[in-house]
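Atoms considered below: every heavy atom in the structure, side chains included; atoms not considered: hydrogens, waters and symmetry mates. Both counts, for ligands and for their atoms, begin at 1 and track the order of listing.
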Amino acid sequence: SQAYEDRHFSPRNIRRSESLDPKFGHNEEFNKKISLIQADITKLKIDAIVNAANETLLGGGGVDGAIHRAAGPGLRNECWDLNGCDTGDAKITGGYDLPCKHVIHTVGPVGEKPHLLRSAYKRSLEVMTEKNLKSIAFSNISTGVYGYPRVKAGHVALETTRKWLEEHSDYLDKLERIIFCVFEDDNKDIYEILFPMYFPPS
Ligand code: AR6
């Protein structure tokens, strides 16, 4: 079940409950490569979208179901051969009938387990670099069926990405874009508030 603040989400709850001061310095190079969009992730024409999968990798509900429906049966066939995926890990497949080239399937934790959610984001970014991909769009891993409190999950997603960029500035020339693809209005509100803490505009 979701945390109290999450069930009663309003931007004011975040403002009341914590400081919104930037946690990192301004970095124009990073800011140029980061975007927030509200969209159906299956529509994005990009190198890779990140699926919030389960350990079987054989499909399910939520964004996973939407991705498998739009990709067609070829995706499930390739997933069969991957023999599942541990929580916190990520594996890549083709995009099949999707407009994206690849799907990175990651498995987030059930409930609030920050080290495993951090690992899911990190491993997805690692897979991106292993395959030399230029653009990636994350869904809001674990914040649906798996019940990770959404504000806390937003902090983990943005902090992990910011730290990863700090440690991989050698990849910046290759990297075109990291997109956070929110679907529901509450996640959009959360990310709009948290973005300037991790990617301050000035
Ligand atoms: N595009 C972008 N985001 C979406 C879409 C979409 N088409 N549809 C849903 N979301 P969830 P989880 C958002 O439940 O919590 C599956 O059954 C949604 O609003 O898809 O990691 C798997 O097989 C939410 O913010 O993933 C696993 O068993 C976010 O995607 C389990 O659910 C993630 O919600 C994984 O649970």
Novice: For Glu112 versus Tyr148, what's the shortest heavy-atom pair and its separation?
Specialist: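 Closest approach of Glu112 to Tyr148: CA-CE1, 3.5 Å.
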
Novice: For a quick test of reading the model, state the closest non-hydrogen atom pair linking Tyr171 to Met128 and the distance between them.
Specialist: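 Heavy-atom minimum between the residues: OH-O, 3.5 Å.
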
Novice: For the rings on Tyr121 and Phe138, is their centre-to-centre separation under 6.0 Å?
Specialist: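 Here the rings of Phe138 and Tyr121 have centres that are less than 6.0 Å from each other.
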
Novice: Does even one non-hydrogen atom of Ala39 get within less than 4.0 Å of ligand 1?
Specialist: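 Per 4.0 Å heavy-atom rule, Ala39 contacts ligand 1.
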
Novice: Return the closest protein heavy atom for atom 25 (O) of ligand 1 as residue, atom name and distance.
Specialist: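 Nearest neighbour among protein heavy atoms for atom 25 (O) of ligand 1, to 0.1 Å: Thr143 OG1, 2.8 Å.
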
Novice: Using a plain distance cutoff, I'd like to know if Tyr146 has any nitrogen or oxygen under 3.5 Å from a nitrogen or oxygen of ligand 1.
Specialist: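 Min N/O separation from ligand 1 is below 3.5 Å for Tyr146.
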
Novice: Could you verify whether a donor N or O on one side chain and an acceptor N or O on the other, from Ser35 and Arg177, lie under 3.5 Å apart?
Specialist: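 Present: a donor and an acceptor within the cut-off.
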
Novice: How long is the gap from CD1 on Ile92 to CD on Glu126, to the nearest 0.5 Å?
Specialist: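 So the CD1 of Ile92 and the CD of Glu126 are separated by 13.0 Å.
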
Novice: Pairs of nitrogen or oxygen atoms closer than 3.5 Å, one from Ala53 and one from ligand 1: do any exist?
Specialist: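 No, there is no polar N/O contact under 3.5 Å.
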
Novice: Give the numbers and elements of all ligand 1 atoms closer than 4.0 Å to a heavy atom of Asp40.
Specialist: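 Matching atoms, with element in brackets: 1 (N), 6 (C), 7 (N).
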
Novice: Looking only at protein heavy atoms, which one is nearest to atom 14 (O) of ligand 1, and how far off is it?
Specialist: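 The protein heavy atom lying closest is Val145 N, 2.8 Å.
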
Novice: Could you tell me, atom by atom, which parts of ligand 1 come under 4.0 Å of a heavy atom of Ala52?
Specialist: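 Within the 4.0 Å cut-off of Ala52, ligand 1 contributes 21 (O), 22 (C), 26 (O), 35 (C).
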
Novice: For Asn187, counting its heavy atoms only, list the atoms of ligand 1 lying under 4.0 Å from any of them.
Specialist: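 Answer for ligand 1: 25 (O).
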
Novice: Of the protein's non-hydrogen atoms, which lies at the shortest distance from atom 20 (O) of ligand 1, and what is that distance?
Specialist: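 Of every protein heavy atom, Val63 N, 2.8 Å lies nearest to atom 20 (O) of ligand 1.
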
Novice: Any chance you could measure Leu194, atom CG, to Lys23, atom NZ, to the nearest 0.5 Å?
Specialist: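 Answer for the CG-NZ pair, Leu194 versus Lys23, is 9.0 Å.
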
Novice: Which residue and non-hydrogen atom of the protein lie closest to atom 19 (O) of ligand 1, and at what distance in Å?
Specialist: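 Result: Glu184 OE1, 2.9 Å.
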
Novice: Does the pair Glu29/Lys33 count as a salt bridge with the N-to-O cut at 4.0 Å?
Specialist: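 No, this pair does not count.
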
Novice: Of Val50, Asp64, Ile41, Ile49, which meets side chain to side chain contact (heavy atoms under 4.5 Å, CB included) against Val103?
Specialist: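 Going through Val50, Asp64, Ile41, Ile49 one by one, the side chain to side chain contact (heavy atoms under 4.5 Å, CB included) with Val103 is satisfied by Ile49 alone.
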
Novice: Answer with yes or no whether the side chains of Gln38 and Asp185 bring together a donor and an acceptor at under 3.5 Å.
Specialist: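 Per modelled atom types, Asp185 and Gln38 side chains form a pair under 3.5 Å.
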
Novice: Checking a contact table here: which protein heavy atom is nearest atom 21 (O) of ligand 1, and how many Å away?
Specialist: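 Answer for atom 21 (O) of ligand 1: Ser142 N, 2.8 Å.
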
Novice: Considering Gly59, Ala66, Gly144, Gly61, which one's heavy-atom position lies nearest to atom 16 (C) of ligand 1?
Specialist: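 That would be Gly61.
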
Novice: How close does the nearest protein non-hydrogen atom get to atom 22 (C) of ligand 1, and which residue and atom is it?
Specialist: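 Checking every protein heavy atom, the shortest distance to atom 22 (C) of ligand 1 gives Asp64 OD2, 3.5 Å.
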
Novice: At what distance, to the nearest 0.5 angstrom, does CD of Glu159 lie from OH of Tyr198?
Specialist: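 Reported to 0.5 Å precision, the distance equals 5.0 Å.
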
Novice: Which of the atoms of ligand 1 are close to Gly60, meaning less than 4.0 Å from one of its heavy atoms?
Specialist: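 That gives atoms 17 (O), 23 (O) of ligand 1.
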
Novice: Please list, in number order, the atoms of ligand 1 under 4.0 Å from a heavy atom of Gly62.
Specialist: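 Those atoms are 20 (O).
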
Novice: Which residue and atom name correspond to the protein heavy atom nearest atom 3 (N) of ligand 1, and how close is it?
Specialist: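 Of the protein heavy atoms, Phe183 CB, 3.3 Å lies nearest.
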
Novice: Distance to 0.1 Å, residue and atom name: give those for the protein heavy atom nearest to atom 33 (C) of ligand 1.
Specialist: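 The answer is Asn140 O, 3.2 Å.
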
Novice: Verify, without hydrogens or angle tests, whether His26 (side chain) and Pro200 (backbone) share a donor-acceptor contact under 3.5 angstrom.
Specialist: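 Confirmed, His26 side chain pairs with Pro200 backbone.
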
